[in-house]
*Asks:* 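First the structure, then my questions, so here it is.
Numbers restart at 1 for each chain; the letters A, B, ... are given by sequence-line order, proteins then strands.
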Amino acid sequence: MARALLGCQLWQFHPLAGAWRAFHIVETEAYTQNDPACHAYNRTKGRAETLYSHPGTAYVYLIYGMYHCLNVVTEPHGTAGAVLFRALEPVDDHSLKTHGPGRLTKALGINRQAVNGIPLTQWEHGLCLSAGQEYPDAQVVQTTRIGITKAADYPWRFYVKDNPRVSVREPGH
DNA sequence: TCAATGATTGAG
DNA sequence: TCAATCATTGAG
(Lines give C-alpha, C1' and ligand atoms only; values in the text may rest on other atoms or scores of the structure.)
Protein backbone atom coordinates (compact mmCIF):
# COMPACT_ATOMS: atom_id res chain seq x y z
CA MET A 1 0.00 0.00 0.00
CA ALA A 2 2.85 2.37 0.78
CA ARG A 3 4.14 1.82 -2.76
CA ALA A 4 0.67 2.13 -4.29
CA LEU A 5 -0.03 5.42 -2.50
CA LEU A 6 2.86 7.17 -4.26
CA GLY A 7 1.30 9.46 -6.84
CA CYS A 8 -2.15 9.29 -5.29
CA GLN A 9 -3.73 12.62 -4.46
CA LEU A 10 -4.62 13.99 -1.05
CA TRP A 11 -7.34 16.62 -1.32
CA GLN A 12 -8.03 19.23 1.33
CA PHE A 13 -10.85 21.74 1.51
CA HIS A 14 -9.25 25.07 2.32
CA PRO A 15 -11.85 27.07 4.31
CA LEU A 16 -10.21 30.46 3.71
CA ALA A 17 -10.08 29.94 -0.05
CA GLY A 18 -13.42 28.14 -0.07
CA ALA A 19 -12.00 25.56 -2.44
CA TRP A 20 -10.34 22.17 -2.61
CA ARG A 21 -6.61 21.90 -3.17
CA ALA A 22 -4.63 18.79 -4.12
CA PHE A 23 -1.27 17.26 -3.23
CA HIS A 24 0.60 14.34 -4.72
CA ILE A 25 2.02 11.83 -2.24
CA VAL A 26 5.75 11.45 -2.94
CA GLU A 27 7.17 9.77 0.20
CA THR A 28 5.64 7.09 2.42
CA GLU A 29 6.47 4.51 5.09
CA ALA A 30 4.59 1.35 6.08
CA TYR A 31 3.87 0.09 9.61
CA THR A 32 2.17 -3.21 10.40
CA GLN A 33 0.81 -5.08 13.41
CA ASN A 34 3.78 -7.44 13.78
CA ASP A 35 6.24 -4.58 13.32
CA PRO A 36 8.16 -3.58 16.50
CA ALA A 37 8.25 0.04 15.29
CA CYS A 38 4.46 0.21 14.96
CA HIS A 39 2.47 2.00 17.67
CA ALA A 40 0.09 -0.99 17.69
CA TYR A 41 2.86 -3.54 18.34
CA ASN A 42 1.58 -5.57 21.33
CA ARG A 43 -0.93 -2.78 22.02
CA THR A 44 -4.61 -2.33 21.32
CA LYS A 45 -5.61 0.57 23.59
CA GLY A 46 -4.92 4.30 23.72
CA ARG A 47 -3.67 5.91 20.54
CA ALA A 48 -3.21 2.49 18.94
CA GLU A 49 -6.99 1.97 18.77
CA THR A 50 -7.24 4.00 15.58
CA LEU A 51 -4.77 1.68 13.84
CA TYR A 52 -7.28 -1.17 14.17
CA SER A 53 -10.20 0.74 12.64
CA HIS A 54 -11.47 0.61 9.06
CA PRO A 55 -9.03 0.98 6.15
CA GLY A 56 -9.01 4.53 4.86
CA THR A 57 -9.24 6.01 8.35
CA ALA A 58 -6.85 8.83 9.27
CA TYR A 59 -4.41 8.10 12.11
CA VAL A 60 -2.81 11.24 13.55
CA TYR A 61 -0.43 11.29 16.51
CA LEU A 62 1.79 13.82 18.25
CA ILE A 63 5.55 13.21 18.14
CA TYR A 64 8.31 14.91 20.14
CA GLY A 65 5.66 17.05 21.81
CA MET A 66 5.52 19.38 18.81
CA TYR A 67 4.68 17.70 15.54
CA HIS A 68 1.66 15.84 14.26
CA CYS A 69 2.08 12.96 11.79
CA LEU A 70 -0.59 11.86 9.29
CA ASN A 71 -1.19 8.19 8.43
CA VAL A 72 -3.90 6.27 6.62
CA VAL A 73 -5.06 2.92 8.02
CA THR A 74 -4.44 0.18 5.45
CA GLU A 75 -5.59 -3.10 7.01
CA PRO A 76 -9.06 -4.62 7.51
CA HIS A 77 -10.96 -3.64 10.65
CA GLY A 78 -9.42 -5.50 13.59
CA THR A 79 -5.94 -5.69 12.11
CA ALA A 80 -3.46 -2.87 12.76
CA GLY A 81 -1.46 -1.20 10.03
CA ALA A 82 -0.97 2.19 8.42
CA VAL A 83 1.06 4.20 5.94
CA LEU A 84 2.79 7.38 7.13
CA PHE A 85 2.80 10.33 4.73
CA ARG A 86 6.31 11.81 4.83
CA ALA A 87 6.20 14.27 1.93
CA LEU A 88 3.63 15.81 -0.41
CA GLU A 89 3.99 17.70 -3.68
CA PRO A 90 1.48 20.58 -3.88
CA VAL A 91 -0.35 20.62 -7.21
CA ASP A 92 -1.17 24.34 -7.06
CA ASP A 93 0.40 26.27 -4.18
CA HIS A 94 4.08 25.51 -4.55
CA SER A 95 4.99 27.74 -1.58
CA LEU A 96 3.59 25.34 1.02
CA LYS A 97 6.23 23.50 3.04
CA THR A 98 5.12 19.88 2.67
CA HIS A 99 8.54 18.18 2.82
CA GLY A 100 8.70 16.10 6.00
CA PRO A 101 5.98 14.42 8.09
CA GLY A 102 5.88 17.21 10.69
CA ARG A 103 6.01 20.02 8.16
CA LEU A 104 3.22 18.73 5.95
CA THR A 105 0.71 18.49 8.81
CA LYS A 106 1.70 21.97 9.94
CA ALA A 107 1.23 23.35 6.41
CA LEU A 108 -2.22 21.78 6.13
CA GLY A 109 -3.27 22.54 9.71
CA ILE A 110 -3.75 18.86 10.51
CA ASN A 111 -3.91 17.91 14.19
CA ARG A 112 -4.90 14.88 16.23
CA GLN A 113 -8.01 16.40 17.81
CA ALA A 114 -9.68 17.35 14.52
CA VAL A 115 -8.39 14.69 12.13
CA ASN A 116 -7.59 11.44 13.99
CA GLY A 117 -10.27 8.86 13.17
CA ILE A 118 -11.95 10.61 10.23
CA PRO A 119 -12.37 8.67 6.96
CA LEU A 120 -10.17 9.78 4.06
CA THR A 121 -12.51 7.96 1.70
CA GLN A 122 -15.35 10.51 1.60
CA TRP A 123 -15.48 14.24 0.96
CA GLU A 124 -17.55 15.27 3.97
CA HIS A 125 -14.68 15.76 6.39
CA GLY A 126 -12.64 18.06 4.18
CA LEU A 127 -9.77 15.62 3.64
CA CYS A 128 -9.89 12.90 0.99
CA LEU A 129 -7.70 10.53 -1.00
CA SER A 130 -8.11 9.85 -4.71
CA ALA A 131 -6.20 8.20 -7.52
CA GLY A 132 -3.61 10.43 -9.13
CA GLN A 133 -0.69 9.90 -11.44
CA GLU A 134 1.09 6.57 -11.38
CA TYR A 135 4.83 6.41 -11.02
CA PRO A 136 6.60 3.58 -12.86
CA ASP A 137 8.98 1.42 -10.84
CA ALA A 138 11.93 3.15 -12.48
CA GLN A 139 10.98 6.37 -10.67
CA VAL A 140 10.39 4.75 -7.28
CA VAL A 141 13.06 4.11 -4.64
CA GLN A 142 12.56 1.62 -1.79
CA THR A 143 14.75 2.00 1.33
CA THR A 144 14.71 1.53 5.10
CA ARG A 145 12.56 3.76 7.29
CA ILE A 146 13.70 7.05 8.82
CA GLY A 147 14.17 8.06 12.44
CA ILE A 148 13.35 4.79 14.16
CA THR A 149 15.42 2.40 16.27
CA LYS A 150 13.20 -0.70 16.32
CA ALA A 151 13.01 -2.80 13.13
CA ALA A 152 15.26 -0.25 11.43
CA ASP A 153 16.23 -2.79 8.78
CA TYR A 154 12.73 -3.17 7.27
CA PRO A 155 12.81 -1.72 3.73
CA TRP A 156 9.37 -0.16 4.04
CA ARG A 157 10.04 3.40 2.92
CA PHE A 158 9.15 4.47 -0.60
CA TYR A 159 9.78 7.74 -2.39
CA VAL A 160 9.71 9.33 -5.83
CA LYS A 161 13.21 9.50 -7.26
CA ASP A 162 14.64 13.01 -7.68
CA ASN A 163 11.58 14.69 -6.17
CA PRO A 164 12.81 17.75 -4.24
CA ARG A 165 10.15 17.36 -1.54
CA VAL A 166 11.57 14.03 -0.39
CA SER A 167 13.81 14.09 2.69
CA VAL A 168 17.46 14.25 1.73
CA ARG A 169 18.38 12.18 4.75
CA GLU A 170 19.43 8.70 3.84
CA PRO A 171 19.31 5.77 6.26
CA GLY A 172 22.56 5.07 8.03
CA HIS A 173 23.66 8.72 8.25
C1' DT B 1 3.59 8.83 40.99
C1' DC B 2 7.34 9.90 37.91
C1' DA B 3 11.20 9.68 34.73
C1' DA B 4 12.37 8.40 29.95
C1' DT B 5 11.30 8.12 25.22
C1' DG B 6 10.02 9.27 20.42
C1' DA B 7 7.60 7.37 12.88
C1' DT B 8 10.82 15.56 14.06
C1' DT B 9 12.38 20.00 13.16
C1' DG B 10 14.86 24.46 13.31
C1' DA B 11 18.38 27.01 15.26
C1' DG B 12 23.31 27.59 16.34
C1' DT C 1 25.09 19.23 17.93
C1' DC C 2 21.08 20.19 20.63
C1' DA C 3 16.79 22.08 22.62
C1' DA C 4 11.74 22.39 22.20
C1' DT C 5 7.75 20.03 24.31
C1' DC C 6 4.13 16.45 25.60
C1' DA C 7 1.37 12.05 24.92
C1' DT C 8 2.51 7.64 25.93
C1' DT C 9 4.96 4.12 28.13
C1' DG C 10 7.04 1.43 31.68
C1' DA C 11 9.26 1.03 36.04
C1' DG C 12 8.71 1.46 41.07
*Asks:* Are any of H39(A)'s side-chain N or O atoms less than 4.0 Å away from OP1 or OP2 of dA7(B)?
*Replies:*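 Yes, within the criterion.
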*Asks:* According to the 5.5 Å centroid and 30° plane-angle thresholds, does Y64(A) stack upon the nucleobase of dT8(B)?
*Replies:*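 It does: the ring sits over the base of dT8(B).
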*Asks:* Check the distance between dT9(C)'s C1' and E49(A)'s CD and give it to me in whole angstrom.
*Replies:*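 Going from CD in E49(A) over to C1' in dT9(C) covers 16 Å.
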*Asks:* How many Å lie between CE on M66(A) and C1' on dA11(B), as a whole number?
*Replies:*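 Computing the M66(A):CE to dA11(B):C1' distance gives 11 Å.
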*Asks:* If you pin I63(A) and K45(A) to their nearest nucleotides in DNA chain C, which one's is more 5'?
*Replies:*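 Nearer the 5' end of the strand: I63(A).
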*Asks:* Can you check the Y31(A) OH to dG6(B) C1' distance for me, whole Å?
*Replies:*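 The distance from OH of Y31(A) to C1' of dG6(B) comes to 11 Å, rounded to the nearest Å.
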*Asks:* Whole angstroms only, please: what is the OH-P distance between Y41(A) and dT9(C)?
*Replies:*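 For the pair Y41(A) OH and dT9(C) P, the rounded distance is 15 Å.
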*Asks:* Atom OH of Y67(A) to atom C1' of dT5(C): distance rounded to whole Å?
*Replies:*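 Going from Y67(A) (OH) to dT5(C) (C1'), I get 10 Å.
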*Asks:* Salt bridge or not between D137(A) and R3(A)? Use side-chain N to carboxylate O under 4.0 Å.
*Replies:*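 Judged by the 4.0 Å cut-off on N to carboxylate O distance, D137(A) and R3(A) do form a salt bridge.
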*Asks:* Between dA7(B), dA4(C), dT8(B), spot the one nearest the side chain of I146(A), thanks.
*Replies:*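 From the listed options, dT8(B) comes nearest.
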*Asks:* Any chance you could lay out the side chain to side chain contact (heavy atoms under 4.5 Å, CB included) test for R165(A) and L88(A), step after step, and finish with the verdict?
*Replies:* CA-CA 7 Å; R165(A) 298 270 164 179; L88(A) 305 175; over 6 Å; no
*Asks:* Can you list the steps and then say if L108(A) with F23(A) is a side chain to side chain contact (heavy atoms under 4.5 Å, CB included)?
*Replies:* CA-CA 10 Å; L108(A) 272 63; F23(A) 304 83; 3.7 Å; yes
*Asks:* Below the 4.0 Å mark, does dT8(C) have OP1 or OP2 next to a side-chain nitrogen or oxygen of R112(A)?
*Replies:*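 True: R112(A) side-chain N/O within range (under 4.0 Å) of dT8(C) OP1/OP2.
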*Asks:* Can a side-chain donor-acceptor contact be found between T32(A) and N34(A) if the only test is distance below 3.5 angstrom?
*Replies:*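 Side-chain D/A pair, N34(A) to T32(A): absent.
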*Asks:* Nearest to the R86(A) side chain among dT8(B), dA4(C), dG10(B), which nucleotide is it?
*Replies:*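 Closest nucleotide to the R86(A) side chain: dT8(B).
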*Asks:* dT5(C), dG6(B), dT8(B): which one has an atom nearest the side-chain heavy atoms of P101(A)?
*Replies:*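 Nearest nucleotide to the side chain: dT8(B).
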*Asks:* Using the rule given for side chain to side chain contact (heavy atoms under 4.5 Å, CB included), can you reason through V115(A) versus H68(A), listing the C-alpha separation, both sets of side-chain angles and the distance that settles it, and then say yes or no?
*Replies:* CA-CA 10 Å; V115(A) 179; H68(A) 296 273; over 6 Å; no
*Asks:* Tell me: CD of E29(A) to C1' of dG6(B), nearest whole Å?
*Replies:*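 Atom CD in E29(A) sits about 14 Å away from atom C1' in dG6(B).
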*Asks:* Can you tell whether the side chains of R86(A) and E29(A) come within less than 4.0 Å, N to carboxylate O?
*Replies:*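 Salt bridge present between R86(A) and E29(A).
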*Asks:* Using the P atom as the reference point in each nucleotide, state the distance between dT5(C) and dC2(B) in Å, no decimals.
*Replies:*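 Going atom to atom, P in each nucleotide, I get 23 Å.
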*Asks:* Could you say whether the aromatic ring of Y61(A) and the base of dA7(C) stack, counting only centre distances under 5.5 Å and plane angles under 30°?
*Replies:*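 Ring-base stacking flag not set for Y61(A) and dA7(C).
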*Asks:* Of G102(A) and G65(A), whose closest DNA chain B nucleotide lies nearer the 5' terminus?
*Replies:*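 Result of the comparison: G65(A).
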*Asks:* Reckon R43(A) has a side-chain N or O less than 4.0 Å from the OP1 or OP2 of dT9(C)?
*Replies:*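 For R43(A), the contact criterion (side-chain N or O under 4.0 Å from OP1 or OP2 of dT9(C)) is met.
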*Asks:* To the nearest Å, how far apart are R47(A) CZ and dT9(C) C1'?
*Replies:*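 Those two atoms, CZ and C1', are 8 Å apart.
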*Asks:* Evaluate the side chain to side chain contact (heavy atoms under 4.5 Å, CB included) criterion for residues F85(A) and V72(A): first the C-alpha distance (whole Å), next the side-chain angles of each, then the deciding distance (0.1 Å), finally the verdict.
*Replies:* CA-CA 8 Å; F85(A) 297 151; V72(A) 60; 3.7 Å; yes
*Asks:* Go through DNA chain B and write down every stem, that is, every run of at least three consecutive Watson-Crick or G-U wobble pairs with distances under 3.5 Å, as range with range.
*Replies:*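 DNA chain B forms these stems: B:1-6 with C:6-11, B:8-11 with C:1-4.
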*Asks:* Rounded off to whole Å, could you give me the NZ-to-C1' distance for the K97(A) and dG10(B) pair?
*Replies:*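 My rounded result for the distance is 10 Å.
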*Asks:* Got L127(A) and I110(A) here, is their nearest side-chain heavy-atom distance under 4.5 Å?
*Replies:*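 The answer is yes; the side chains approach within 4.5 Å.
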*Asks:* Taking the side chain of L62(A) as its heavy atoms from C-beta onward, which of dC6(C), dA7(B), dT9(B) lies nearest to it?
*Replies:*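 Looking only at side-chain atoms, L62(A) lies closest to dC6(C).
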